[in-house]
Amino acid sequence: MSQKIRTKGAQALAEALKALRTMASATILNLQDCEIGDDGAQALAEALKTNSTLTTLYLQNNSIGSNGAQALTEALKTNSSLTTLNLGRNSIGENGGVALAEALRTNSALATLNLERNLIGDNGGVALSEALKTNLTLTTLNLEGNKIRVNGGLELAEALKTNSTLTTLNLEDNWIRDNGGMALAEALKTNSTLITLNLRYNSVGENGGVALAEALKTNSTLTTLNLGGNSIGDNGGVALAEALKTNSTLTTLNLGGNSIGDNGCVALAEALKTNWTLTTLDLNGNSIGDNGDHSTLTTWNLGSNFDRETNGGVALAEALKTNSTLTTLDLNTNSIRDNGGVALAEALKTNSTLTTLDLNTNSIGDNGGVALAEALKTNSTLTTLDLDGNSIGDNGGVALAEALKTNSTLTTLNLEYNVIGDNGGVALAEALKTNSTLTTLNLESNSIGENGGVALAEALKTNSTLTTLNLGSNSIGDNGGVALAEALKTNSTLTTLNLEDNSIGENGSVALAEALKTNSTLATLNLDSNLIWIKGLLAFSEAFKVNLTLTTLGLDRNKTTGNIALVLLESLESKTTLTTLNLGYKSIEDDEALALCEALKTNSSLIVLDLQSNTIDDNGAQALAEALKTNSTLTTLYLQNNSIGSNGAQALAEALETNSTLATLDFQNNSAGDNGAQALSEALKTNATLTTLDLWHNSIGSNGALTLAEALKINLTLTTLYLQNNSIGDNGAMALSEALKTNTTLTTLDLWGNSIGDNGAQSLAEALKSNSTLTTLDLWRNSIGDNGALALAELLETNSTLTTLSLGYNLIGPKGAQGLYWVSQTTSCHILK
């Protein structure tokens, strides 16, 4: 039996403990995002010592620190039923990692442990490695984003030489580098259980790639290897290709973003001609097809067909003619151009296994598009074709449409950001009348115009398979909108329709609203950036009263100013399905805000409300605050770029003292002032749900920062605080520094443009020596000089949690820059200078 806790904090913990005591059959307990903290983890740990039924416990994103982890460790030493423990995205740190490792030495039940993004560091990685040498039950270990460096990588590799149970190891976004990669490669030569290894974003270079390739020649168990976002280059690619010629177990290989050029791609293509196991090959974000510099390529035996000047796309196409196992090929963001596209099309005529082909952003024009269309007429396996961001014109669009008339397998076609025009749009519409397999069609930014829109609408009247249609930025106008509305009255399959930025005005919006009264399938309608005004919104208000399926409506950037939305907003009182409403960018004024607030008091469905860039003032904010006191569903409220002053901010703060659902409040570019900041600070002392607060450009000054700092000393939920451009100065920075010494939840602090000097920077550096949760600190555009920079550089020598530090546009001279440079060579923190 599974139990998902949906409350927060102490209430969530109480429910969880009750479930463990009273539900004898409970096997799964989900406390994800419940903000239970260390105290909650300690209480759960006590319960786990005697519980004998729970097998799965989800605790991700709960602000659990080392104390909570140590308590759970003690429970794991005696608990014999728990098999899955998810502690992802907490803050257990090195001490927590070391403690859990100790438990793994004696625990004989746990099979899956997720420690993703917990900053356990090298010490935690080394301790877990030691545990793996004797542990006999763990099969899956997730250590993504933990600042594990070379030492941790070396020790984990050593453990894999003797461990006989681990099947999945995720080390994504660490820093094991070439040495760690080579050590793991050595381990793979003897390890016989690992089947999935994720080394994405680990600064593994050519040497590590070559070593891993060598290991694959003898390893007979690994099926998935993710090396995305490293720098193995052509030589690493060629080495892996050589390994694929003899390896018979690997099914998935991710080499995206590895600076592999045509030489590496040609070698991989050659390997695909004889390899019979690989099903997925990801080569996105490389340099395939540009015939770059080959002078640094090590000499490899690539067979008689290797030509140094061969386009990588052409080579892969040649391989696909004989390969019979590859099902997914990702070539996103390369440069295969028309030649590569034509060659791949030719291959698709005979290939009978490929189901997904991603050619996004590859400079393919009409020739490539026409060739691919011709292939689709006979190909019977491809289900997904992504041609986003190419240069396919109306000839290519017409050809693809012709292919869709006979093709019976393609389900997803992405043509976003091409130039198929109205001819292409009309042709595709004609194809949709008979095509019975396509479910998703993306035509955003294709200049299909009114004619294309009307034609597609006509097709929707008879088409019974398409569920998602994206027509954003196509200038279909009112006539296109009216035609689509007419189609929606009879169409019973479309669930998502994007009509953003299409110059749809009153006639089109009224027609669409009318269609919603009878349509019973559409769930998402995006009408952002159109010309909808009074009549359109009134029509939607009437439609809301009877429509039971629409959950998301986008109305940002429309002409909705004036006394227009009263009926629309009042209709929300009875609307029970709408979850997301976008009314930003001059869509609503203060009177409408008042009406909206009345609706929110009784509405029980809306969870995201976007009111950014309107003219809401203190009166509107006060009304919103009143609604928040009783509303129990809204989790995200965007109020940036309005005209709300300190009175409005104070009213919202008062609402936050009792509201128990709002998690994100975006208040940037208003005028809260120090009084508003003080009120919000008081609310933060008791509020237990808000996780993100954005006060960018609110004139809070140093006094506002001082009060917020006091709140941070006791607040246990806020993870993200944006204070850019608020003139908090050194005094504000020093106050926030004091708070950071005890705060255990804040992970992101943005102090961009706040006139902070060396004193403030030094205080922050001192605070972060003991803080173990902050991962991002933005000090861009302040007045920090060499002394402040050196203090921050010294901090990074010992701090193991900060991953991003932004210091651009300060007053740092050569001395400070040199200090930051040297520390950047040994820390995994990304320093933006």
Side-chain angles (χ1 to χ4, degrees), residues 332-333 357-366 368-369 372-373 384-401 404 410-429 431-432 435 438-457 459-460 463 465-481 483-485 487-488 491 493-504 508-509 512 522-532 552-558 580 582 585:
N332 186 329
T333 317
L357 178 59
D358 189 341
L359 296 175
N360 186 324
T361 316
N362 266 288
S363 303
I364 296 171
D366 264 348
L372 287 163
T384 300
L385 178 59
D386 190 341
L387 293 171
D388 180 2
N390 283 289
S391 303
I392 299 171
D394 54 358
N395 287 340
V398 170
L400 286 164
L404 288 179
L410 201 70
T411 59
T412 300
L413 177 58
N414 186 355
L415 288 172
E416 182 175 347
Y417 288 109
N418 282 282
V419 282
I420 69 168
D422 54 357
N423 286 342
V426 170
L428 284 165
L432 287 177
N435 179 283
L438 203 69
T439 59
T440 300
L441 178 59
N442 186 347
L443 295 177
E444 183 171 339
S445 299
N446 264 285
S447 304
I448 69 170
E450 179 182 307
N451 289 340
V454 170
L456 285 163
L460 288 178
N463 179 282
T465 54
L466 203 70
T467 59
T468 300
L469 178 59
N470 185 351
L471 294 177
S473 302
N474 270 295
S475 303
I476 69 170
D478 259 350
N479 286 342
L484 286 165
L488 288 177
N491 179 284
T493 54
L494 203 69
T495 59
T496 300
L497 178 59
N498 182 7
L499 296 177
E500 178 181 5
D501 188 24
N502 265 292
S503 302
I504 295 172
S509 57
L512 285 164
L522 200 70
T524 299
L525 176 60
N526 186 356
L527 289 169
D528 290 347
S529 302
N530 281 288
L531 305 171
I532 300 170
T552 301
L553 175 64
L555 289 171
D556 275 359
R557 300 176 182 88
N558 277 284
T580 302
N582 300 328
Y585 298 94

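What you see is a predicted model, and the numbers here were worked out from it, not measured in a lab.
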Point-to-point distance, once rounded to the nearest 0.5 Å, from [atom1] of [X] to [atom2] of [Y]:
X	Y	atom1	atom2	result
Asn502	Leu531	CG	CG	10.0 Å
Ser475	Glu450	OG	CD	10.5 Å
Leu525	Leu512	CG	CG	6.0 Å
Asn414	Glu444	CG	CD	9.5 Å
Leu443	Asn470	CG	CG	7.5 Å
Leu359	Asn332	CG	CG	9.0 Å

Side chains of [X] and [Y]: does their closest heavy-atom pair fall under 4.5 Å?
X	Y	result
Ile448	Leu428	no
Leu488	Leu460	no
Asp478	Ile504	yes
Asn474	Asn446	yes

Please check: side-chain N/O of [X] versus main-chain N/O of [Y], any donor-acceptor pairing under 3.5 Å?
X	Y	answer
Asn390	Gly365	no
Thr439	Thr467	no
Asn582	Asp556	no

*Asp501-Ser473 side chain donor-acceptor pair, cut-off 3.5 Å*: yes

On a heavy-atom basis, which atom in [X] and which in [Y] lie closest, and how many Å separate them?
X	Y	answer
Thr465	Leu438	OG1-O, 3.1 Å
Glu416	Asp388	O-OD1, 2.9 Å
Ala401	Ala431	O-CB, 3.2 Å
Leu499	Asn530	O-ND2, 3.1 Å

_Option passing side-chain contact (heavy atoms from CB on, under 4.5 Å) with Leu497 (candidates Thr468, Leu522, Leu527)_ = Leu522

_With Asn395 via side-chain hydrogen bond (donor to acceptor under 3.5 Å, both in side chains) - residues at least two apart_ = none

